Amino acid sequence: MIKLNQSIRHFFGDEGFDEGIERVPTESLIALAHTLGIFTGTTDKTALIKNFRRLWSEGESDSREMIVAFFKNEGKIYPNPKPKERPHEREEKIDELLEAFEITETERRDLHASFIDIRTRKITAEKIAGKLEHIRYTKKREALEKALEGKFNFDDTLEYYAPITYHIDTETFTKIHVLKTPPLNEKRLHEEALEVLVPEITELKSALTQQKQEQTNLFLSSLNLASHRYLTKEQIIASLKSAPPSTQTYGALTLEILREVLTHHLHTPLTSIGSDDLIIEIEKQLILPYREEPLEYTLSLHLDAHELSRQIWNEEELTITTMVEKQSVQEERAFLDELHHLIEECRTRSKLLEMSDQALYEIVYELLIPYLTHTPHISSKTTRRVLFSFDQRNANELLKRQRQALLARTVRDFKNLFPLARSLRRRLIFHTGPTNSGKTYTAFQQLKKAGTGYYLAPLRLLALEGYETLREDGVNASLITGEEQLLDEDATHLSSTIEMLSFETEVDCCVIDEVQMIDDRDRGWAWANAIIGAPAKTVIMTGSPNAKEAVIALAEYLGEPLEIVEFERKNPLELLKSVTPIDAIEPKTAVIAFTRSNALRLKQQLSKTYKTSVIYGNLSPEVRREEARRFREGETDILVATDAISMGLNLPIKTLLFSKADKFDGQSQRNLTATEVRQISGRAGRYGLSEKGYVGALTGDVLKTITTLFTKAIDPITLPFNVMANFDHIMLVSNILEEKSLSNIVDFFVENMKFEGPFRAANLESMQEASAIVDRYDLDMRTKYTLATAPLSTSSPLVMAAFERYVRALEQKKPIAYIPPQRLGHYALSMEELQEAEDRIKEISLYLWLSYRLGEFFVDAEKARTFRGELNRFIENSLQQSHFVPRCKTCGKPLAPNSEFAICQSCFNNLNRAKGQQNSTEARKRFPSNRR
């Protein structure tokens, strides 16, 4: 800026900008205004000059550089018309004026120095006279200060050092204090001689010093040395001795003493120290509306060191605690007011979204908290930032809601998501009746006659049986399940599990077995999707009578013709009147348990007398099939099974006995329903295998419950039905919502989608859990969807660990090997070992399922199948061991066959004794006896 000022003076005859610009002609001023971009249309020279002076005075370097560059390019000089000052003219004028004054040589030099830089025309006799008077008064004050050993202040008070003697306890010492006289008369200081002023002011100093000594003596006599409220005797004496010169009698206390007093008497540490300010920082918490976690902040309280010292010396009540609470209340109230104003502004801006207070506060906190410092204050800058982010979020939320509304309109009519099925003039047939009534057999006869067809089974085992039935009758068929594919290039028919249905290949006939499964909490969506979307000209459904109303409702929704064919049971089913003891069970009897552990216990108990097979859901299909074969072919007499046999297994069961009348359904322990009792009981007395079936129980209470449920009318399946999105639906949601997270898409589908017709989005906890895992990895949407729909046993740590390994390898695009178990004996020695083998079968099922969909990565399918065979044999051998028993989880000893607990009686007793001793010890501690 200095260089620019010097440069402009070159063009204005060594004058400044304000003077030189007046000599520039109007044409050049207009050109300069155009150059700077500030021309407003006026050609008035006075207005132009005023604008340029304002622009130059604002001090912007860019503007000044442009102005200097303009005159440099113009190349003109506007000289100063006034004649230049002659050399030595200023000194001559000063000397001329000084001739009228009586001054000393020193005063002459001082006056010359004072006016040497003043312009000649501004130097006058009056100014010289005033300056001379000031110089003489200044010299007089300096002389007075030297004689009085003090210093005059701006208000004409004299400040000086006075020695004060301290007598305290046995100590005597002298301290220097800073004292001040009252303001002295300015006129007398100017007019009176030093000889008059010095004695008078000296006497005043003495009086003031004596007065200070008396005040000090009075203060010292008032000190309570023995029991001061805050200070020890040693601290008092040391503080008085070490205090620097000041106007106070006692002086400020040291920071160490102040820190000690605050900590000891107020439990408040001194955290920061300034020159005269002490800062106490206290961690506080503020409860905010609609927020569980309190806002943590630091309250900073500033204290005056001198005032705090005065209160301590005088043993006054310290007011810091009150100050803390008062300031805390003020700051918190101010912050809550600021927050309220911010919330109200956000509420106004989000009116269209109709947010609840809870949601509004949560969003504001999310945006605001990161900007807050340790002080609870919302600055105007922070407010602007939060509102900007809030507006952006609102815009995104409004756009998202518009997209969600579009999406809802697109997929609300669920049947339209299956265009091929809608293009066919489908005919629906429902075969309904009790078990063993021939409804599935009749459907198969029609399926065999069709040119092309599907058989959709609820289980892999039933899909395999359907496949073998078709092949035995000369029908070219393929088998597709989640983990197995037996493909025939000439196949006209396909047998598969229901989840494997392709909605894009048209056939003549499709048989959907066990349609009452539409009511299943976890898999019901597969039956609903199949009934709505099966691309077949004829769709035959088979199921129990309680599904009749559900099928009628679906047909009405679809607007497709429905034919209902009712079947009667082919042989009678009789309910036994009395209990069947466990040691009086006849061959060809199935005993029903509802948990794996109960099934194994019953098997162990029965194996002492009978040859026994066992079937439960956790077993692989191969093992279940082998156990069923052993029972069917007479290798075993008794079958112990869970309700896994209730669907489609053709077994020579003459008598079926319930061991329990309740089950755990994945959410709670509950009694069996009439539908479940009727479905399970129907496995007894299969047509062609026995003339009559019998149903009973092992205990009286179970028989009583079963009798009631056996004769009770079956409740119809209630609406609505679960439906689930396929991959095309997932991509539709992804594209419309511009959402890349599969977990968010599934959550949206489950929570927000509303459908026309009797539907709701499926309750898909396992898919949601798997989606949350795959979203952590960089995978395309199809791969994510494939992984999330895999048969994942989320309750098995072994399976979940394998799944994580697979997902991680897929992200890295690495081949995924199957890792077999390290050691495998001939049979399991414990229930835990058997459980691990069952989980490893599930792991293989998951691996094979993925190998059919991501074969380029899952390269060990054959190896996995080999080990599945070995694991199946291991499990089969384990189930056939009569000495295979459950063991105590504490000591490992075998449990009794009928034990309901996972711990033996001995360990249970030890546990109770340990608890009793602990309670006695605690009681003695709480209520000790009084002893002399």
Side-chain angles (χ1 to χ4, degrees), residues 106-107 110 113-114 130-168 171-223 231 236-255 257-258 273-278 302-314 316:
T106 300
E107 290 173 339
D110 290 342
S114 298
K131 177 60 72 173
L132 178 60
E133 183 180 355
H134 175 72
I135 290 172
R136 287 175 175 174
Y137 179 60
T138 300
K139 295 291 185 182
K140 183 179 182 181
R141 281 170 64 102
E142 290 174 355
L144 272 172
E145 289 174 342
K146 185 175 181 180
L148 296 170
E149 297 180 338
K151 190 76 175 178
F152 283 102
N153 294 327
F154 69 94
D155 59 350
D156 291 330
T157 61
L158 181 70
E159 188 174 283
Y160 64 97
Y161 291 117
I164 304 297
T165 301
Y166 282 67
H167 298 284
I168 180 167
E171 301 272 353
T172 300
F173 53 88
T174 301
K175 294 287 296 180
I176 298 299
H177 277 259
V178 178
L179 300 183
K180 286 197 304 183
T181 67
L184 301 175
N185 187 288
E186 183 182 8
K187 184 176 180 182
R188 290 193 64 206
L189 289 175
H190 273 84
E191 297 175 355
E192 294 283 359
L194 290 177
E195 292 76 9
V196 175
L197 292 173
V198 170
E200 186 178 323
I201 297 174
T202 299
E203 185 178 349
L204 177 60
K205 282 176 57 182
S206 298
L208 291 173
T209 302
Q210 182 60 35
Q211 181 182 350
K212 185 64 179 178
Q213 181 67 63
E214 291 172 358
Q215 291 175 352
T216 301
N217 294 339
L218 182 62
F219 167 72
L220 293 176
S221 65
S222 69
L223 282 177
L231 304 173
I236 291 174
I237 296 174
S239 297
L240 292 173
K241 281 184 175 181
S242 62
S246 70
T247 59
Q248 299 293 334
T249 301
Y250 43 79
L253 294 169
T254 64
L255 294 171
I257 293 177
L258 292 176
I273 304 169
S275 55
D276 291 321
D277 280 343
L278 310 178
H302 293 253
L303 305 175
D304 185 338
H306 296 290
E307 174 59 20
L308 183 60
S309 294
R310 186 194 66 76
Q311 293 178 6
I312 292 173
W313 278 114
N314 295 332
E316 296 177 6

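No experiment lies behind these values; they were computed from the predicted model shown.
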Visitor: Could you pull out all residues at least two apart from Lys140 that satisfy side chain to side chain donor-acceptor pair (under 3.5 Å)?
Guide: none
Visitor: From Ile257 CD1 over to Ile312 CD1, what is the distance, rounded to the nearest 0.5 angstrom?
Guide: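 Answer rounded to 0.5 Å: 8.5 Å.
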Visitor: Measuring only between side-chain heavy atoms, which start at C-beta, is Thr209 closer than 4.5 Å to Ile164?
Guide: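 Of all side-chain heavy-atom pairs linking Ile164 with Thr209, at least one is under 4.5 Å.
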Visitor: Please report the interatomic distance CG(Leu204) to CG(Leu197), rounded to the nearest 0.5 Å.
Guide: 12.0 Å
Visitor: At what distance, to the nearest 0.5 angstrom, does CG of Leu158 lie from OG1 of Thr202?
Guide: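 Leu158 CG to Thr202 OG1: 9.0 Å, rounded to 0.5 Å.
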Visitor: Does Glu307, at its CD atom, have more than 12 non-hydrogen atoms belonging to other residues, nucleotides or ligands within less than 6.0 Å?
Guide: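 Count over threshold, so yes.
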Visitor: Only counting residues at least two apart or in another chain, list the ones meeting side chain to side chain donor-acceptor pair (under 3.5 Å) with Glu171.
Guide: Lys241
Visitor: With sequence neighbours left out, write down each residue that passes side chain to side chain contact (heavy atoms under 4.5 Å, CB included) with Arg141, or none if nothing qualifies.
Guide: Tyr137, Phe152, Asp156
Visitor: Does Ser239 reach the side chain of Leu231, with side-chain heavy atoms less than 4.5 Å apart?
Guide: no
Visitor: Should Gln211 and Leu179 count as side-chain neighbours, where that means a heavy-atom distance under 4.5 Å?
Guide: no
Visitor: Can you check whether Leu253 reaches Leu308 side chain to side chain, under 4.5 Å on heavy atoms?
Guide: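 No; the side chains remain at least 4.5 Å from each other.
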Visitor: List for me each residue that meets side chain to side chain contact (heavy atoms under 4.5 Å, CB included) alongside Ser222, sequence neighbours excluded, and say none if there are none.
Guide: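 Scan of Ser222 (side chain to side chain contact (heavy atoms under 4.5 Å, CB included), adjacent residues dropped) gives Phe219.
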Visitor: Which residues pass the salt bridge (charged side-chain N to carboxylate O under 4.0 Å, His left out) test with Glu142, sequence neighbours left out?
Guide: none
Visitor: Test of understanding: with side chain to side chain contact (heavy atoms under 4.5 Å, CB included), list the residues that count as partners of Glu149, not counting sequence neighbours.
Guide: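 Lys205.
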Visitor: For Thr157, which residues count as a side chain to side chain contact (heavy atoms under 4.5 Å, CB included) partner, sequence neighbours excluded?
Guide: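 Residues passing side chain to side chain contact (heavy atoms under 4.5 Å, CB included) with Thr157: Asn153, Asp155, Lys180, Thr181, Pro183.
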Visitor: By ring pair (Phe, Tyr, Trp, His ring centres under 6.0 Å), which residues pair with His134, not counting sequence neighbours?
Guide: none
Visitor: Partners of Lys175 by side chain to side chain donor-acceptor pair (under 3.5 Å), sequence neighbours excluded?
Guide: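 Partners of Lys175 under the side chain to side chain donor-acceptor pair (under 3.5 Å) test: none.
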Visitor: Just wondering, do Lys131 and Ile135 contact through their side chains at under 4.5 Å, heavy atoms?
Guide: yes
Visitor: Distance check, rounded to the nearest 0.5 Å: Leu240 atom CG versus Ile168 atom CD1?
Guide: 5.0 Å
Visitor: Considering residues at least two apart in sequence or located in another chain, which fulfil the side chain to side chain donor-acceptor pair (under 3.5 Å) criterion with Glu316?
Guide: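 If we apply the side chain to side chain donor-acceptor pair (under 3.5 Å) test to Glu316, skipping adjacent residues, the hits are Arg310.
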Visitor: Determine whether a donor-acceptor pair (N or O, by modelled atom type, separation under 3.5 Å) exists between the side chain of Gln213 and the backbone of Thr165.
Guide: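 Checked: pair present.
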Visitor: As an exercise, state the distance from CG of Asn185 to CD of Glu192, rounded to the nearest 0.5 Å.
Guide: 9.0 Å
Visitor: Ring pair (Phe, Tyr, Trp, His ring centres under 6.0 Å) with Phe173: which residues, sequence neighbours excluded?
Guide: Tyr166
Visitor: Among residues at least two apart in sequence or on other chains, which ones pass salt bridge (charged side-chain N to carboxylate O under 4.0 Å, His left out) with Arg136?
Guide: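 Testing Arg136 for salt bridge (charged side-chain N to carboxylate O under 4.0 Å, His left out), a comparison that skips the adjacent residues, returns Glu107.
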Visitor: NE2/His177 to CD/Gln215 distance, rounded to the nearest 0.5 angstrom?
Guide: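 Answer rounded to 0.5 Å: 10.0 Å.
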